Number of protein chains: 4
Amino acid sequence: MTKPELPTKADFPVHRRHQTRWADNDVYGHVNNVVYYAWFDTAVNGWLMEAAGCDIRDLPAIGVVAETSCKYLAEVSFPDELSIGLALEHSGRSSVIYKLAVFKVVDGVVEDTPRALGRFVHVYVDSDARTPVPIPEQVATALEQLR
Amino acid sequence: MTKPELPTKADFPVHRRHQTRWADNDVYGHVNNVVYYAWFDTAVNGWLMEAAGCDIRDLPAIGVVAETSCKYLAEVSFPDELSIGLALEHSGRSSVIYKLAVFKVVDGVVEDTPRALGRFVHVYVDSDARTPVPIPEQVATALEQLR
Amino acid sequence: MTKPELPTKADFPVHRRHQTRWADNDVYGHVNNVVYYAWFDTAVNGWLMEAAGCDIRDLPAIGVVAETSCKYLAEVSFPDELSIGLALEHSGRSSVIYKLAVFKVVDGVVEDTPRALGRFVHVYVDSDARTPVPIPEQVATALEQLR
Amino acid sequence: MTKPELPTKADFPVHRRHQTRWADNDVYGHVNNVVYYAWFDTAVNGWLMEAAGCDIRDLPAIGVVAETSCKYLAEVSFPDELSIGLALEHSGRSSVIYKLAVFKVVDGVVEDTPRALGRFVHVYVDSDARTPVPIPEQVATALEQLR
């Protein structure tokens, strides 16, 4: 049996530079597992706000997070600079599944092999009633850039 | 096709009370998805330190996190009180897989239905070389309490 | 010149139990300085929500934080249990100054000597216009309990 | 009585660009007061690691935080880009006091007026005994760049 090949940086149409913070490191001297999700969260929402051209928090439908996961492949540590890769796994009527990856940036160059791989599921809900609604048009249009 | 039944609080042999913090809430008024992993992390390591009867950070083999995931089923919000359920999915030579669940505590009573379900994989590595080693005996003995 | 005497637990009319989290610890093995402010934030707002008998986030005037400070006297570390002391330094027309202290709980008993001392200034603003307004009556009444 | 004039960006010899994260925002739609201290922490330690030319965490003397404070003057919010200003207030035998400021970056230009002003006190201690020791030579040399 052969191991599945890892995706590389070329598999992610969008990359966003991201900094580590001193407090990200834990007692073992590397970034705590929890923090990766703050990076994913920031990459998805930050990209969406730019790509959709509006403040997504003010839309009548907001993306609530239904599921997340992360595989930690190799450690990163403050003060590493990172590039967070973003790709589209699937988009449906009300939900979007993003693939994410954490790459380390060394001397200004993004490494080919990811340090971590993630998955992030947004379900769009009415911002008041919190019941599923179709993906807002601004978001759907933005997602085209990830195909 | 029927939906798989959710586990309930009785499916988790260990429960640990946990508080929310003001800063856990995000702009949408509920706890941010990232924070659940801080709860899982705290439940696993806090329980291990009690059950193993030693400071697990000082053992020659330490548990590094290889994979985590979470399904968010219903929101929680500061100042909710929580009970984090802990169960053993699998333990091998070097790794342990925990099942986790977030239950809300209402008027002192833990709800039956989880608000979130998680998975947390620890791989034991030599604390210096960071290469996989067998699960320390103190941890293996502690894990018996989760069966 | 003599050192000013430290306040002790008896100087804080309100005490709130608080847990540390695994991720609170930093690379030096004790709680990172940043985290104390999350405890202060939680103690002030959590107490206010109970003492005011309403969800303070929904009031037309909200407390925004104008100034905070902390002196770190002795370290605490996960999995320490804490008691956060809360006292009133001053309340004016639009602002409230709280004194805070972090005490370690050892075998269920709150230590007399604080591990950290803090200060936390809330200014009440209109939740839309964000301009200073008088302290809401519910909050003013709650503050009486801290005198 | 006149208000003391605020320092401006020119008063800070070192500036470090810093990103906000999605989870930095709180329920009121701006960055939570706690997070500013994570920025200060990151600016001080990140700058020190570059300016001292070594991993300060491995020196026999480490800087533990003895006191911090922050005045919040005007809000910032994700996805704002920031510039954290760093200046030296005082350095003694064992301790260093930094002045910090948070500036918002608008269209690539750092604003003149700070959004927040901070103070951060490091005391150097022996990394094992945790008793005060002189500032390490590498750090003392780095601090010259802040005068």
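Residue numbering restarts at 1 for every chain, and letters A, B, ... go by the order of the sequence lines. Quantities reported herein were computed from a predicted structural model and do not represent experimental measurements.
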Flag yes if more than 12 heavy atoms outside B:Glu137 fall under 6.0 Å of its CD atom; otherwise flag no.
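Counting other residues, nucleotides and ligands, CD of B:Glu137 stays at 12 neighbours or fewer.
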Take atom NZ in B:Lys71; do more than 12 heavy atoms of anything else shown fall under 6.0 Å from it?
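Open.
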Does anything in residues 89-99 of chain B form a salt bridge (charged side-chain N to carboxylate O under 4.0 Å, His left out)? List the pairs, not counting sequence neighbours.
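Non-adjacent pairs meeting salt bridge (charged side-chain N to carboxylate O under 4.0 Å, His left out): B:Glu89-B:Arg119.
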What option among D:Val27, D:Asn25, D:Asp24 has the most heavy-atom pairs under 4.5 Å with chain B?
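Heavy-atom pairs under 4.5 Å are most numerous for D:Val27.
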Between B:Phe78 and chain D, with a heavy-atom cut-off of 4.5 Å, which part of the residue counts as in contact: side chain, backbone, both or neither?
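For B:Phe78, there is no contact with chain D at all, as no heavy atom is under 4.5 Å.
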In residues 29-68 of chain D, which residues are in contact with chain B at a heavy-atom separation under 4.5 Å?
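The residues closer than 4.5 Å to chain B, in numerical order, are D:Gly29, D:Asn32.
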